[in-house]
Amino acid sequence: MRPKEPMNKPSPFGFDQKYHLSVFSILLLMVSSLLPSNSLAANSRDFVQGSYAHIIETHKNHSFFVSLWSIDCPPCREELPEMEAYFSRHQEISLILISTDGKDLAAEVEQVLQRNGLADAESWIFAEDFVERLRYEVDSTWHGELPRSYFYSPGQPRQKISGRINFKQGDD
Amino acid sequence: MTYSLKRLLPLVLLLVFMCTSCATETKLDQALSAAPALHNHKKPSEAVACNSAKALPALRCGQAPSATFDNKGRLWVAWTFGGHVYVNHSDDEGINFSPPVAVNSSPEMISARGENRAKIKVDGKGRVHVSWTKPLKKRFTGDIRYSRSDDGGRSFINPVTVNDNRDPIGHRFDSLGVSNEGRVYIAWLDKRDRESAEQGGASYSGAALYYSYAEPGADTFAANIKIADHSCECCRIALDIDPDSLPVLMWRHVYGDNIRDHALVRFITPNKPATPIRVSHEQWQIDACPHHGPALSISEDARYHAVWFNDAKHKQGLFYAYSEDRGQSYSPTVNFGDYNKTAAHPYVMAVEDRVYLSWKEFDGKETQILVQQSKDGGKSWGLPKVMSSTSNASDHPLLIKNYSQVFLSWQTANEGYHVIAIEEEPIQ
């Protein structure tokens, strides 16, 4: 019944507490300064079967943070501006946003991203109705709760976080 | 987010190329006239795809159907299509259906996705009751709507709004129950107290559980009653009628610091709720939308059967428990389903000593609906059995009953709407 990967509480940053983010960030900054910047997108790309593997492959050489969210999820909406502020200060970590809303709500998704200063962030939107398959490709133990986040760092197992992350605290 | 232009430029060029393949965006308002995107039910034999502008309202294209049997064995289904709730019925347990009838004559936005759906119940006199949530312009806002047919589903009264607070705030996630004599009970998640608190500068976690009722045959609902502050704000509410013809509600609550466990309340009279009681104790602490509400079924002997999902660190997945003292205390929980196959959206139906559980799993290729049975009131359980499967999008599975026969009610993109009789496991 238990997932194989560690599930961490969303405090202070959702990462395993044995990691201290500030130390982590300094190390990452040193490494990632040699790597390409976050990839940017003016509009959300279609998130379809295989997209998640593509994202992982694209970013595998540096640290990145994946946030699955929805315009219909109040904690996600509260998290967006804090995320924008945090990742503006930590460009060594790529931010990838994946909206689970579906293409019919793409315009509203773009508006919300724009309002929160995230129009230029790498953004994807669920573009297949078979959402079970899309979710499974992300994580077979994710049951759809939002926000759902993953932190990837080369050579480390990914860390999964369910629920809103306190980005302000994570920056202290 | 601030990025340097130098870094941005190559990506802008890339995006110009990529956006040639970007799909056309659809405005929210267009959803009123558009065919539903979630369920594109196109059977090989049917020429018009559900997402075509030419698609007509049909159950196979309906979003998020609910179903119930009346006391004559007629199956009734309510579903959403293009700004209307439609109702049709079947006299052969879902093989053939009557032409659909629109419940709301004027189109309006209707929540019909995931945890939201139009609800339908039929009382002992054959009156057909329907409720739904009408989203307003601003996200997270809505009104609770109700309509009824007194002529066997041929026509419906103009919908009424149940929430007596008419501010454009959250009144959503309706749940409907109807007693045999026709008293209508509706519960929902309400943000009026949260709004008041926030206007006063205070914080307020989640929403509140509100409730109202209408006397048999009446179109007006009683003054709204608050059941509890601090419900979770994005999960369906379970509602069943106990042998006293009063409703019992179960919902995901926010206990303390974002611990999202479940609570239950029964009623002493239609306008007097008893004290809510905590049902689950997995201690799932999360500031998130679980999108996973509970289900509840009350057997003829007043045993309450409850199912829910939680994802606490050491207690994960689907859970079942029963109460023999009308919700005061509960059996030890039974953990069911395969967590690693995303076991989700449990439902329960009790018929005397028989109890049926259903839920959804996904194995990487197909979605399966599993059913597990107990024949001793939930004390012991048979093995899970696959009842249906699909390799495309699908709705949550629901259980309904026609007297003692239990059915799975399920909408899938490939197969359309279907009801499947669940064969009783033999008593050994």
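Every chain is numbered from 1, with letters handed out A, B, ... down the list of sequences. It should be emphasised that the depicted structure is a prediction, and the values quoted were computed from it without experimental measurement.
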Enquirer: Could you check whether any side-chain heavy atom of B:R139 comes within less than 4.5 Å of a side-chain heavy atom of A:L105, counting everything from C-beta outward?
Expert: yes

Enquirer: Can you give me the closest heavy-atom contact between A:P147 and B:D287, atom names plus distance?
Expert: CD-O, 4.1 Å

Enquirer: As an exercise, state the distance from CG of A:D129 to CG of B:N414, rounded to the nearest 0.5 Å.
Expert: 10.5 Å

Enquirer: State, to 0.1 Å, how close A:C73 and B:C289 come at their nearest heavy-atom pair, and which atoms those are.
Expert: CA-SG, 3.7 Å

Enquirer: Measuring heavy-atom distances to chain A, does B:K365 have an atom under 4.5 Å in its side chain, in its backbone, in both, or in neither?
Expert: backbone

Enquirer: Hey, what do you get for OH (A:Y136) to CG (B:N340), rounding to the nearest 0.5 Å?
Expert: 8.0 Å

Enquirer: With a 4.5 angstrom heavy-atom cut-off, is it the side chain or the backbone of A:E128 that approaches chain B, or both, or neither?
Expert: neither

Enquirer: Would you please test B:F140 and A:D72 for side-chain contact (heavy atoms from CB on, under 4.5 Å) and show each step?
Expert: CA-CA 7 Å; B:F140 310 125; A:D72 215 9; 3.6 Å; yes

Enquirer: Got a salt bridge between A:D101 and B:R113, using NZ or NE/NH1/NH2 to carboxylate O under 4.0 Å?
Expert: no

Enquirer: Flag the one option from A:P74, A:C76, A:G144 with the top tally of heavy-atom pairs under 4.5 Å to chain B.
Expert: A:P74

Enquirer: Going by the angle between their ring planes, with limits at 30° and 60°, are A:F130 and B:F362 parallel, tilted or perpendicular?
Expert: perpendicular

Enquirer: Side chain from CB out, backbone as N, CA, C, O: work out which of these in B:R172 comes under 4.5 Å of a heavy atom of chain A, or both, or neither.
Expert: side chain

Enquirer: Is B:K360 close to A:E132 at the side-chain level, that is, under 4.5 Å between some pair of heavy atoms?
Expert: yes

Enquirer: What distance do A:R133 atom CZ and B:S391 atom OG have between them, rounded to the nearest 0.5 Å?
Expert: 8.5 Å

Enquirer: Considering only heavy atoms, which portion of B:N258 lies under 4.5 Å from any heavy atom of chain A: side chain, backbone, both, or neither?
Expert: neither

Enquirer: Flag the pair A:E145 / B:D311 as yes when at least one side-chain heavy-atom distance between them is below 4.5 Å, and no otherwise.
Expert: yes

Enquirer: Looking only at non-hydrogen atoms, find the nearest pair between A:S140 and B:T342 and report the distance.
Expert: O-CG2, 2.8 Å

Enquirer: Looking only at heavy atoms, which two atoms of A:H143 and B:H292 are closest? And how far apart?
Expert: O-CE1, 3.5 Å

Enquirer: Measuring from atom CD1 of A:I161 to atom CD1 of B:I286, what distance do you get when rounded to the nearest 0.5 angstrom?
Expert: 11.0 Å

